[in-house]
Amino acid sequence: MDDMSLQIMSGEMVFLQGHSGAGKSTLLKMLALLERPTKGQIIVGGKNLNQINQHHIPYYRRQIGFISQNPKLLNHYSVFENVAMPLVIAGFERQELIKRVRAALNRVGLLHKELQKPLQLSEGEQQRVGIARAIVHKPKIVLADEPTGNLDPELSLEIFKLFAQFNQVGVTLLIASHDAGLIKHLPFRSIHIAQGKLLPSPTNIQPATKWEAQHG
Ligand SMILES: Nc1ncnc2c1ncn2[C@@H]1O[C@H](COP(=O)(O)OP(=O)(O)OP(=O)(O)O)[C@@H](O)[C@H]1O
Ligand SMILES: [Mg+2]
């Protein structure tokens, strides 16, 4: 990252585009506090991430759902157990845990497969299990790194529609994606980066409110 200044409004859904090695994953990792910038600041919900020490990272992460290209599911556990994992770790009470896991699986259309093992599912379904796991703790922010990298265009569109539904209930989303052809048809802002820098583009620095005001 170099000389990068950008703002994403609470409640926005934004795509992050750029060639391989542009810095998309790096930006997402810094937002999730998986990496730290050597210089500069990142402010999330009014909180400067430089001021969050190692010890407080788990608390910070509770407001974030992270989705990667490969959901890295645990194959010996059922779909239900995979999605429940973050809640088990957070010490959720059993009834609440069951309710939340079922609600998350329902959101991604996989409630009927809760007892199956990941390897019995298609790639698109496995990706949706990863999404359910990322949203089961009701994060305010979802960071997705190439969530549709392994999927065909139809399934990719399904995933983006699912994200748009989360966005409608107030979740802020930042989605790194190569899927330029698909994204350009969607009504969301794209941030374009190359070699760790923002590319000159009107959508890069303007939050959605201004963008909508100008472009309807
Ligand atoms: N921890 C790190 N320290 C130093 N350099 C890194 C680190 N992580 C990534 N890089 C480098 O930073 C650049 C951006 O990497 P990044 O993974 O963010 O790219 P990307 O846009 O996600 O690419 P892709 O589309 O291939 O996933 C690459 O050149 C990479 O080698
Ligand atoms: Mg990447």
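When a ligand or atom number is given, it counts from 1 through the structure's own listing order. Being a predicted model, the structure only gives us computed values, none of them experimental. Heavy atoms only: backbone and side chains are in, while hydrogens, waters and symmetry mates are out.
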Is there a donor-acceptor pair closer than 3.5 Å between any side-chain N or O of N82 and the backbone N or O of G130?
no

If I take every N, O or S atom of Q69, is at least one of them less than 2.8 Å from the Mg ion (ligand 2)?
no

Hydrophobic cluster membership, I43 vs I8, 4.5 Å side-chain cutoff
no

Could you go through ligand 1 and list every pair where one of its N or O atoms sits under 3.5 Å from a protein N or O, giving the atom names and the distance to one decimal?
residue: ligand 1; atom: 1 (N); partner: E35; partner atom: OE2; Å: 3.1
residue: ligand 1; atom: 18 (O); partner: S25; partner atom: N; Å: 3.4
residue: ligand 1; atom: 18 (O); partner: T26; partner atom: N; Å: 2.9
residue: ligand 1; atom: 18 (O); partner: T26; partner atom: OG1; Å: 2.5
residue: ligand 1; atom: 19 (O); partner: G23; partner atom: N; Å: 3.4
residue: ligand 1; atom: 21 (O); partner: A22; partner atom: N; Å: 3.2
residue: ligand 1; atom: 21 (O); partner: G23; partner atom: N; Å: 2.9
residue: ligand 1; atom: 21 (O); partner: K24; partner atom: N; Å: 2.9
residue: ligand 1; atom: 21 (O); partner: K24; partner atom: NZ; Å: 2.9
residue: ligand 1; atom: 22 (O); partner: S25; partner atom: N; Å: 2.9
residue: ligand 1; atom: 22 (O); partner: S25; partner atom: OG; Å: 2.7
residue: ligand 1; atom: 23 (O); partner: G21; partner atom: N; Å: 2.7
residue: ligand 1; atom: 25 (O); partner: K24; partner atom: NZ; Å: 2.7
residue: ligand 1; atom: 25 (O); partner: H178; partner atom: NE2; Å: 3.3
residue: ligand 1; atom: 26 (O); partner: S20; partner atom: OG; Å: 2.6

Do Q41 and N48 have side-chain N/O donor and acceptor atoms under 3.5 Å apart?
yes

Look at the side-chain heavy atoms of Ile, Leu, Val, Met, Phe, Trp and Tyr, link any pair under 4.5 Å apart, and say whether F188 and F166 land in one connected group.
yes

Please say whether more than 12 non-hydrogen atoms of neighbouring residues, nucleotides or ligands are located less than 6.0 Å from CD in E96.
yes

Is it the case that one hydrophobic cluster holds both L6 and I64, taking links as side-chain heavy atoms less than 4.5 Å apart, direct or via other members?
yes

